[in-house]
Amino acid sequence: MKRRVVQQTPSTSGVAAAQRTKQRKEETPSRWWLKRSLLAFLVIFILVPALPRLPDLIQHFVYTHRVRLPFFHDLRQPADLSLNHTINMYLTSEEGISLGVWHTVPESRWKEARGKDLAWYQNTLSDGRPVFIYLHGNTGARVAPHRVGVAKILSALDFHVLVPDYRGFGDSTGEPTEAGLTTDALYLYNWVKARSGNSLVVVWGHSLGTGVGTNTAAKLIEQGTALDGVILEGAFNSIREPLTDHPFTWYYWKIPGAGYFFPEPWAQNKIVFPTEENLKKMKSPILFLHSEDDHLVPIQVAQQMYEVAVSAQNAEQVKIVSFEGSLGYLHNGLYRDPRLPDIIKNFVLSL
């Protein structure tokens, strides 16, 4: 039986496909320019009207105060977070600005604190125990786990602790600015001093709070007053850190054209927080706390600022404690370290 031999010839469909491919390649440059033109038109149409608002947007990006994490917590109910000896209150730092503040009394008084009103809590500030003002970082509110964790540690050490939300954060009113945050911290310090008698008052700043805290300390020095003690956890420094590496402004250069159309935030005094300059003025004992694996602020930044503070004062007044990177604390996790209570206790005893 003979095999039928079929002669293979180029298929019509194959030729057509090749022609279409060739045609597409020929059309690609014109279509590419058309797409780019449309994209440019959309960018101009959408972004140009928003340009006047860009500085305000950058301000929001820096503070990220509208990110209310964690969700679904009632800031008026600190007991929901096992802060059973804590009262929620609202203080007016200046006209139109209401600050949400938690006051946690020493743990030894938690049974006594049951059902007590604001007047009772205020009166306890003069009981001779140290008072801490905890100035938190950007994003979220006083309900964040690491902030609650610090409040619990300080209370367990038999200290008072006040945790405010700056203007615009949490349930506090207003919009955050550097001057406004510093005003809020100064107001709370003076409010505490008016009620605490001769008790030690220590400011603990974390992250953004280190900038607010050193601003506050510098303002008090101008008024002839020095804080009893300052703790700087995860401290940053605007002067030495490049803008693109700054923990609170790296997004600034991610916005298309921002670097071209707008100067750096410090150029218009929008975001300065001159921590290094403040340290040169301060006369308070300072304790730096920093994790070696801090993913926002490298440990080298804290070491540089420690050296500046030591030069301005001395090694007896200024201490630094670093935590091994293998522990995985990053920027917010130092409160989990079992050594931290003793570190804080020893610092207070040295004041």
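Nothing fancy with the numbering, it's 1 onward along the sequence.
For the residue pair Tyr329 and Pro338, the shortest heavy atom distance occurs at OH-CD, 4.1 Å. Between Pro106 and His85, the closest heavy-atom pair is O-CD2, 4.1 Å. Nearest heavy-atom pair across Leu334 and Ser291 is CD2-CB, 3.8 Å. Nearest heavy-atom pair, Asp293 versus Gly328, reported as atom, atom and distance to 0.1 Å: OD2-CA, 3.2 Å. Nearest heavy-atom pair, Val297 versus His290, reported as atom, atom and distance to 0.1 Å: O-NE2, 2.8 Å. Summarising the geometry of Leu81 relative to Trp102, their closest heavy-atom pair is CD1-CH2, 3.8 Å, with the distance given to 0.1 Å.
Here the NZ atom belonging to Lys152 is positioned 10.0 Å from the CD atom belonging to Glu107, to the nearest 0.5 angstrom. For the atom pair OH (Tyr335) and CD1 (Ile153), the distance works out to 8.5 Å, reported to the nearest 0.5 Å. Remark: Arg129 CZ to Leu154 CG distance equals 14.0 Å, nearest 0.5 Å. Here Leu162 contributes atom CG and Leu125 contributes atom CG; the two are 6.0 Å apart, rounded to the nearest 0.5 Å. Atom CZ of Arg147 is separated from atom CZ of Arg142 by 11.0 Å, given to the nearest 0.5 angstrom. The distance from the NZ atom of Lys319 to the OH atom of Tyr306 is 6.5 Å, given to the nearest 0.5 Å.
Applying the side-chain hydrogen bond (donor to acceptor under 3.5 Å, both in side chains) criterion to Thr210, with sequence neighbours excluded, gives no partner residue. A search for side chain to side chain contact (heavy atoms under 4.5 Å, CB included) contacts involving Arg339 returns Phe323, Glu324, Leu327, Asp337, Ile343, not counting sequence neighbours. For Arg76, the salt bridge (Lys or Arg N to Asp or Glu O under 4.0 Å) partners are Asp74, not counting sequence neighbours. By the side-chain hydrogen bond (donor to acceptor under 3.5 Å, both in side chains) test, Ser108 is found to be paired with Asp158, residues two or more places apart in sequence or in another chain being considered. Scored by the salt bridge (Lys or Arg N to Asp or Glu O under 4.0 Å) test, Asp184 finds Arg167 as partners (sequence neighbours excluded). Glu292 pairs by the salt bridge (Lys or Arg N to Asp or Glu O under 4.0 Å) definition with nothing, not counting sequence neighbours. Residues satisfying the ring-ring contact (aromatic ring centres under 6.0 Å, His included) criterion with His136, sequence neighbours excluded, are Tyr166, Phe169. Contacts of Ser126 classified as side chain to side chain contact (heavy atoms under 4.5 Å, CB included), with partners at least two apart in sequence or in another chain: none. His206 is linked by a ring-ring contact (aromatic ring centres under 6.0 Å, His included) to His146, His331, counting only residues two or more places apart in sequence or in another chain. Checked against side chain to side chain contact (heavy atoms under 4.5 Å, CB included), Ala309 has the following partners two or more places apart in sequence or in another chain: Leu279, Ile286, Phe288, Val318.
Residues Val105 and His103 meet the side-chain proximity criterion, which asks for heavy atoms closer than 4.5 Å. Residues Glu94 and Tyr187 are not in side-chain contact: their nearest non-hydrogen atoms beyond the backbone lie 4.5 Å or more apart. In this structure, the side chains of Leu208 and Leu181 come closer than 4.5 Å at one or more pairs of heavy atoms. Taking 4.5 Å as the limit, every side-chain heavy atom of Ile97 sits out of range of all side-chain heavy atoms of Thr183. With a 4.5 Å cut-off on side-chain heavy atoms, Trp191 and Gln122 count as touching.
Clustering ILVMFWY residues whenever any of their side-chain heavy atoms sit less than 4.5 angstrom apart, transitively, puts Val321 in a cluster other than the one holding Ile299. In the hydrophobic clustering of ILVMFWY residues, with side-chain heavy atoms under 4.5 Å counting as a link, Trp120 and Ile87 come out together. In the hydrophobic cluster analysis, where Ile, Leu, Val, Met, Phe, Trp and Tyr join through side-chain heavy atoms closer than 4.5 angstrom, Tyr189 is grouped together with Met89. Cluster annotation: Leu99 and Leu118 are assigned to the same hydrophobic cluster (Ile/Leu/Val/Met/Phe/Trp/Tyr, side-chain heavy-atom contacts under 4.5 Å, transitive). No chain of hydrophobic side-chain contacts below 4.5 Å, direct or via other Ile, Leu, Val, Met, Phe, Trp or Tyr residues, connects Trp110 to Val161.
Between the side chain of His160 and the backbone N or O of Thr124 there is at least one donor-acceptor pair closer than 3.5 Å. Side-chain N or O atoms of Ser172 include one that pairs as donor or acceptor with a backbone N or O of Asp165 at under 3.5 Å. Checking side-chain atoms of Asn88 against main-chain N and O of Gln77 turns up no donor-acceptor pair under 3.5 Å. Remark: side-chain polar atoms of Thr275 are not paired, donor with acceptor, to backbone N or O of Asn237 under 3.5 angstrom. Of the possible donor and acceptor atoms, none in the side chain of Ser155 sits under 3.5 Å from a partner among the backbone N and O of Ala151.
For Lys193, the NZ atom sits in a packed shell: over 12 heavy atoms of surrounding residues, nucleotides or ligands are nearer than 6.0 Å.
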Check: residues 344-351 side-chain donor-acceptor pairs under 3.5 Å, at least two apart:
unit_1: Asn346; atom_1: ND2; unit_2: Asp342; atom_2: O; d: 3.1
unit_1: Ser350; atom_1: OG; unit_2: Phe347; atom_2: O; d: 2.5

Tabulate below the donor-acceptor pairs under 3.5 Å that side-chain atoms of residues 219-232 make, not counting sequence neighbours, or state none.
unit_1: Asp228; atom_1: OD2; unit_2: Val201; atom_2: N; d: 2.8

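Taking the six-membered ring where tryptophan is involved, the planes of Phe159 and Phe132 are essentially parallel, since the angle between them stays under 30° and well short of 60°.
Using a 3.5 Å distance cut-off with no hydrogens or angles, the side chains of Glu178 and Asn215 do pair a donor with an acceptor.
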Side chain to side chain contact (heavy atoms under 4.5 Å, CB included) between Ile133 and Val192, worked out: CA-CA 9 Å; Ile133 298 174; Val192 168; 4.1 Å; yes

Stepwise side chain to side chain contact (heavy atoms under 4.5 Å, CB included) check, Leu91 with Leu188: CA-CA 8 Å; Leu91 303 176; Leu188 185 57; 3.8 Å; yes

